A.B. asks: 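Below is one structure. I have some questions about it.
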Amino acid sequence: MRFLVILAVVLALCAGALLLLPAGRALFEDTRDKLGKARPITPVSIEASAASPRHPAKNTTDGLSNSYWGAPAEGDSVTYTFREPFRLVDLIITNGPSKDPEDYTSEARALRIDLEVTTQDGGQQHKELALGDKPGPQTIHTALSDVKTVRLVLREPVELTPGRQLALAEVEFFQRG
């Protein structure tokens, strides 16, 4: 009888450990993210589903906040591919055509971006990113592992009228240091 009680306790502990393993792993990775210094990482290729003339998607990684990717419509996307899989710790997005307040409202902006990540093994992860309608960089903590490609889909446009385009000035990626 005593043996059966001990066996039941051991089995319960093992089952509990297996159930809590994903939460423990996430906590461990999050702690490592916070203890390390994030480093920038640059994609090896950038492709957009659509782009306005003179405003290609590569403008989102040129380091200049006064050039931008011009997307003609809501739902347009840009995909960034990286050489090696990495831990995406943070993403910095500069919404609109410029971080300069005078130029910020000259084009339409997205208030939400769907983040679609493809991992090294082909898995998919999705997050909805809410953006403020304000000029300047906005930092988003992502904490995603084994990232190989990142696709950003522009949603909820503001001031998208005829003759204007959705503008995304800059996208910066940071990996665990």
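For this chain, numbers begin at 1 and follow the sequence in order. As the structure is a computational prediction, the values presented were derived from the model and not from experiment.
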A.B. asks: Would you say Phe82 and Val150 make side-chain contact, with heavy atoms under 4.5 Å?
C.D. replies: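 Side-chain contact under 4.5 Å: yes.
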
A.B. asks: I'd like to know whether CD of Gln125 has more than 12 heavy-atom contacts from other residues, nucleotides or ligands below 6.0 angstrom.
C.D. replies: yes

A.B. asks: Could you check whether any side-chain heavy atom of Trp69 comes within less than 4.5 Å of a side-chain heavy atom of Asp76, counting everything from C-beta outward?
C.D. replies: yes

A.B. asks: Decide if atom NZ of Lys134 counts as having more than 12 heavy atoms of other residues, nucleotides or ligands within a radius under 6.0 Å.
C.D. replies: no

A.B. asks: Which heavy-atom pair separates Arg164 from Ser106 by the least distance, and what is that distance?
C.D. replies: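 In terms of heavy atoms, the two residues are closest at NH2-C, 3.2 Å.
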
A.B. asks: Output the distance between atom CZ (Arg109) and atom CG (Asp133), rounded to the nearest 0.5 Å.
C.D. replies: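 Spacing of CZ (Arg109) from CG (Asp133) equals 4.5 Å.
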
A.B. asks: With rounding to the nearest 0.5 angstrom, report the CG to CG distance, Asp100 to Asn66.
C.D. replies: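 So the gap between those two atoms works out to 9.0 Å.
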
A.B. asks: What's the spacing between His141 NE2 and Lys127 NZ if we round to 0.5 Å?
C.D. replies: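 Spacing of NE2 (His141) from NZ (Lys127) equals 7.0 Å.
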
A.B. asks: Taking C-beta and beyond as the side chain, do Val117 and Thr149 meet within less than 4.5 Å on heavy atoms?
C.D. replies: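 Contact flag for Val117/Thr149 side chains = no.
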
A.B. asks: Measure the spacing between CG of Asn95 and CD1 of Ile93 and express it to the nearest 0.5 Å.
C.D. replies: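 The CG atom of Asn95 sits 7.5 Å away from the CD1 atom of Ile93.
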
A.B. asks: Specify the closest pair of heavy atoms between Ile41 and Gln175, including all atoms of both residues, with the distance to one decimal.
C.D. replies: CD1-OE1, 3.7 Å

A.B. asks: Taking C-beta and beyond as the side chain, do Leu129 and Leu91 meet within less than 4.5 Å on heavy atoms?
C.D. replies: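 The answer is yes; the side chains approach within 4.5 Å.
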
A.B. asks: Are Ile113 and Leu88 in one and the same hydrophobic cluster, where Ile, Leu, Val, Met, Phe, Trp and Tyr link if side-chain heavy atoms are under 4.5 Å apart?
C.D. replies: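 Yes, same cluster.
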
A.B. asks: Evaluate the salt bridge (Lys or Arg N to Asp or Glu O under 4.0 Å) criterion for residues Asp114 and Arg112: first the C-alpha distance (whole Å), next the side-chain angles of each, then the deciding distance (0.1 Å), finally the verdict.
C.D. replies: CA-CA 7 Å; Asp114 293 339; Arg112 182 171 58 88; 2.5 Å; yes

A.B. asks: CD/Gln124 to OG1/Thr118 distance, rounded to the nearest 0.5 angstrom?
C.D. replies: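 One finds 3.5 Å between CD of Gln124 and OG1 of Thr118.
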
A.B. asks: Determine whether more than 12 heavy atoms belonging to other residues, nucleotides or ligands lie under 6.0 Å from atom NZ of Lys148.
C.D. replies: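 More than 12 heavy atoms, drawn from other residues, nucleotides or ligands, come within 6.0 Å of this atom.
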
A.B. asks: Return the CG to CZ distance between Asp90 and Arg176, rounded to the nearest 0.5 Å.
C.D. replies: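 So the gap between those two atoms works out to 11.5 Å.
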
A.B. asks: Answer with yes or no whether the side chains of Thr60 and Glu170 bring together a donor and an acceptor at under 3.5 Å.
C.D. replies: no

A.B. asks: Are the side chains of Thr139 and Phe174 in touch, meaning some heavy atoms are under 4.5 Å apart?
C.D. replies: no

A.B. asks: Grab the two heavy atoms, one from Pro157 and one from Leu166, that are nearest each other, plus how far apart they are.
C.D. replies: CB-CD2, 3.6 Å

A.B. asks: Do Val171 and Ile92 have side chains that get closer than 4.5 Å, going by heavy atoms?
C.D. replies: no

A.B. asks: Mind checking whether Gln165 and Pro72 have side chains closer than 4.5 Å, heavy atoms only?
C.D. replies: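 Counting from C-beta outward, Gln165 and Pro72 never come under 4.5 Å.
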
A.B. asks: Would you sort out whether Phe173 and Phe86 count as a ring-ring contact (aromatic ring centres under 6.0 Å, His included), showing the intermediate values?
C.D. replies: CA-CA 10 Å; Phe173 302 92; Phe86 67 102; 7.4 Å; no

A.B. asks: For residues Val153 and Leu111: do they belong to one hydrophobic cluster (side chain heavy atoms under 4.5 Å, members Ile, Leu, Val, Met, Phe, Trp, Tyr)?
C.D. replies: no

A.B. asks: Can you give me the closest heavy-atom contact between Tyr80 and Pro43, atom names plus distance?
C.D. replies: CD2-CG, 3.7 Å

A.B. asks: Looking at every heavy atom in both Ala169 and Ser98, which two are closest together, and how far apart are they?
C.D. replies: CB-N, 4.2 Å

A.B. asks: Where do Ile46 and Ala57 come nearest, in terms of heavy atoms and distance?
C.D. replies: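 Where Ile46 meets Ala57 most closely, the heavy atoms are CG2-CB, 3.8 Å.
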
A.B. asks: Flag yes if Val147 and Ile140 sit in one hydrophobic cluster, no otherwise; membership is Ile, Leu, Val, Met, Phe, Trp, Tyr, and two members link when side-chain heavy atoms are under 4.5 Å apart.
C.D. replies: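 Result: yes, single cluster for both.
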
A.B. asks: Would you say the side chain of Glu74 lies within less than 4.5 Å of the side chain of Leu154, judging by non-hydrogen atoms?
C.D. replies: no

